[in-house]
Engineer: 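What follows is a single structure, and I will ask about it in a moment.
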Protein chains: 2
Amino acid sequence: MSIEIKMSLNDGLYLREPQDSKLGRNIIQSSILLIDEFGFESFTFKKLADRINSTEASIYRYFENKHLLLLFLVNWYWEWVHYLIHFNTMNVEDPRKKLKIIIHSFVSASKDNPSVDYVNESKLHNIVISEGGKAYHTKDVDDENSKGFFLSYKNLATTVSIVISEINSDFKYPFALATNLFEMSNNHIYFAKHLPKLTDISVKENDVNEVENMLNYFTDKLLAD
Amino acid sequence: MSIEIKMSLNDGLYLREPQDSKLGRNIIQSSILLIDEFGFESFTFKKLADRINSTEASIYRYFENKHLLLLFLVNWYWEWVHYLIHFNTMNVEDPRKKLKIIIHSFVSASKDNPSVDYVNESKLHNIVISEGGKAYHTKDVDDENSKGFFLSYKNLATTVSIVISEINSDFKYPFALATNLFEMSNNHIYFAKHLPKLTDISVKENDVNEVENMLNYFTDKLLAD
DNA sequence: TGAAAATGATAGTAAAGCTATCTTAAAAAA
DNA sequence: TTTTTTAAGATAGCTTTACTATCATTTTCA
């Protein structure tokens with residue numbers, strides 16, 4: 001009997017709350033594995049249905065389409081990172097220390113694992129790295145944004161931007177730096193693995209230490225008085 | 001009779017060189033318009049064929065599939081930016097000045113327009129901003145990378161990284177900074193337009209001045225001794 | 001235990017993503 | 001100029017994806 005952690009995500013993301021049923025959790029669990037393994041483009045509800053011995057129709061009762069499922073997963077991830085950051089920075093006063101902890105939290109989010117049993121956080125992190133941008137690079141962004149589908153990311157960015165402003169209240173780009181830290185982290189982990197000529201760092205056996213150092217170096221320089 | 005500029009791109013990107021024929025140039029021209037207008041996901045060869053009064057079969061003679069067409073367009077764009085940078089930094093000695101010119105070149109690439117008649121550079125820039133990441137976020141990256149499909153981007157990054165190293169030879173992340181400038185530029189123009197809460201800058205009527213200022217501010221801070 | 005809700009089974013449709021073949025038109029070689 | 005090669009158009013067809021609809025069967029829980 002394990003503790004059930006339930007993320008509260010925008011309910012426009014799904015038709016039926018997947019975290020509340022066996023089938024729903026199966027969908028989450030196996031979609032993560034399938035997308036990680038085959039990529040988002042060749043991922044289909046048919047393949048997912050076959051994998052979990054269910055049917056396309058049943059999956060469509062939970063998610064309108066695979067894009068919204070991806071959005072759900074990505075939001076889940078951002079909420080989870082936000083939770084990690086909150087947890088790890090509790091009782092830390094110094095904003096510089098806080099930011100270091102924040103960076104560590106999301107760079108190696110998948111290691112520190114406060115684990116929800118049906119979510120493989122490490123593979124979900126890979127999905128965010130490889131496919132995450134597709135969640136908001138759509139013709140429907142504006143519409144989806146108006147429905148609040150990106151609130152989790154915005155809230156996370158806001159949390160980080162506040163810490164950045166605490167460090168240096170004159171810094172003009174706290175939000176841009178916050179989002180850039182996330183995007184840069186994902187990008188360079190991806191580059192290190194697939195397009196190493198586009199970066200200076202390397203990631204061996206999922207050791208993301210160099211990425212963390214780079215992000216710390218960047219923030220230190222940028223936020224110095 | 002206009003001068004025909006032809007980009008030399010990796011010939012694995014296409015089946016038949018589209019820059020050499022009327023139909024090929026039509027494909028390039030109209031695919032840019034269609035992808036810009038409807039987004040990459042709902043863009044199809046069928047729709048493109050209808051638009052240019054040709055057939056799906058004919059388009060397939062030029063490009064294996066729409067993903068490779070996108071890759072072609074994105075490569076064309078990077079080559080074009082590279083060309084612009086080269087042109088604009090000729091005879092400029094001071095690397096700091098050079099980098100400023102480089103930043104200006106790609107941020108407002110679409111304005112300075114050395115125009116190839118069948119390419120709407122401004123819309124192509126929009127495509128790179130909105131859909132560019134999809135060019136390398138695929139399950140086939142490694143394979144495509146081994147075929148040299150990302151060389152244009154790598155060469156561009158290298159050019160910029162060299163200037164960065166000229167400014168500050170101790171800087172440890174010249175490639176990462178170079179790519180980050182591009183990615184950040186695209187990201188924040190996109191954010192400003194669609195997810196303004198994720199950035200601090202705004203882009204009114206395609207005036208990307210604030211983006212340029214931000215990138216200059218970042219590089220100045222990062223490359224200071 | 002009985003009604004309501006969730007899931008499964010099955011079928012079907014439109015569009016996307018291709019491939020094949022044949023014919024006609026245009027360009028290049030002879 | 002005539003022949004021959006090459007490119008493009010027309011048409012057809014096939015598989016997969018992305019969905020919707022309907023009905024039967026479980027499961028849940030009041």
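By convention in this document, chain letters (A, B, ...) are assigned in the order of the sequence lines, proteins followed by strands, and residues within each chain are numbered from 1.
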Engineer: Would you mind reading off the distance between F38(B) atom CZ and dA16(C) atom P, rounded to a whole angstrom?
Structural biologist: 12 Å
Engineer: In this structure, how many angstroms lie between the P atom of dT28(D) and the CG atom of D20(A), rounded?
Structural biologist: 14 Å
Engineer: Whole angstrom is fine here: how far is it from CD in E41(B) over to P in dA18(D)?
Structural biologist: 11 Å
Engineer: Between K47(A) and dT17(D), is there a contact of a side-chain N or O with OP1 or OP2 at under 4.0 Å?
Structural biologist: yes
Engineer: Reckon F45(A) touches a base, only the sugar-phosphate, or nothing at all at heavy-atom distances under 4.0 Å?
Structural biologist: nothing
Engineer: Provide, to the nearest angstrom, the distance between the CG atom belonging to D50(B) and the C1' atom belonging to dA10(D).
Structural biologist: 13 Å
Engineer: Whole-Å distance between dA8(D) C1' and I27(B) CD1?
Structural biologist: 10 Å
Engineer: How long is the line joining CD1 of I52(B) and C1' of dA7(D), in whole Å?
Structural biologist: 14 Å
Engineer: Tell me the interatomic distance from E17(A), atom CD, to dA6(C), atom C1', rounded to whole angstroms.
Structural biologist: 15 Å
Engineer: Considering only side-chain heavy atoms of N65(B), which listed nucleotide, dA9(C), dC18(C), dA16(C), is closest?
Structural biologist: dC18(C)
Engineer: Is the ring centre of Y136(A) less than 6.0 Å from the ring centre of H194(B)?
Structural biologist: no
Engineer: Choosing from dG8(C), dA8(D), dC18(C), which nucleotide comes nearest the side chain of Y60(B)?
Structural biologist: dC18(C)
Engineer: Starting from P on dA9(C), measure out to CG on L23(A) and report it in whole angstrom.
Structural biologist: 12 Å
Engineer: Output yes when K147(B) and E144(B) qualify as a salt bridge under the 4.0 Å nitrogen-oxygen rule, no when they do not.
Structural biologist: no
Engineer: Looking at the side chain of T55(B), which of dA16(C), dG8(C), dA10(D) is the nearest nucleotide?
Structural biologist: dA10(D)
Engineer: Between Y62(B) and dA7(D), is there a side-chain N or O to OP1/OP2 distance below 4.0 Å?
Structural biologist: no
Engineer: Where the side chain of R16(A) is defined as all heavy atoms beyond and including C-beta, which of dA6(C), dT11(D), dG8(C) is the nearest nucleotide?
Structural biologist: dA6(C)
Engineer: What contact category does S58(B) fall into here, base, sugar-phosphate, or nothing, at under 4.0 angstrom with non-hydrogen atoms?
Structural biologist: base
Engineer: For residues T158(B) and S161(B), is any side-chain donor paired with an opposing acceptor at under 3.5 Å?
Structural biologist: no
Engineer: So, are R25(B) and D20(B) salt-bridged, with charged N and O less than 4.0 Å apart?
Structural biologist: no
Engineer: If you look at every strand shown and take non-hydrogen atoms under 4.0 Å, does K66(A) touch a base, only sugar-phosphate, or nothing?
Structural biologist: sugar-phosphate
Engineer: How about W78(A) and F150(A): are their ring centres within less than 6.0 Å of each other?
Structural biologist: no
Engineer: Tell me which of E56(A) and R61(A) sits closer to the 5' end of DNA chain C, going by the nucleotide each one is nearest to.
Structural biologist: R61(A)
Engineer: Quick one: on DNA chain D, does S54(B) or S42(A) contact a more 5' nucleotide (nearest heavy atom)?
Structural biologist: S54(B)
Engineer: Indicate whether OP1 or OP2 belonging to dA8(D) is found under 4.0 Å from a side-chain N or O atom of S21(B).
Structural biologist: yes
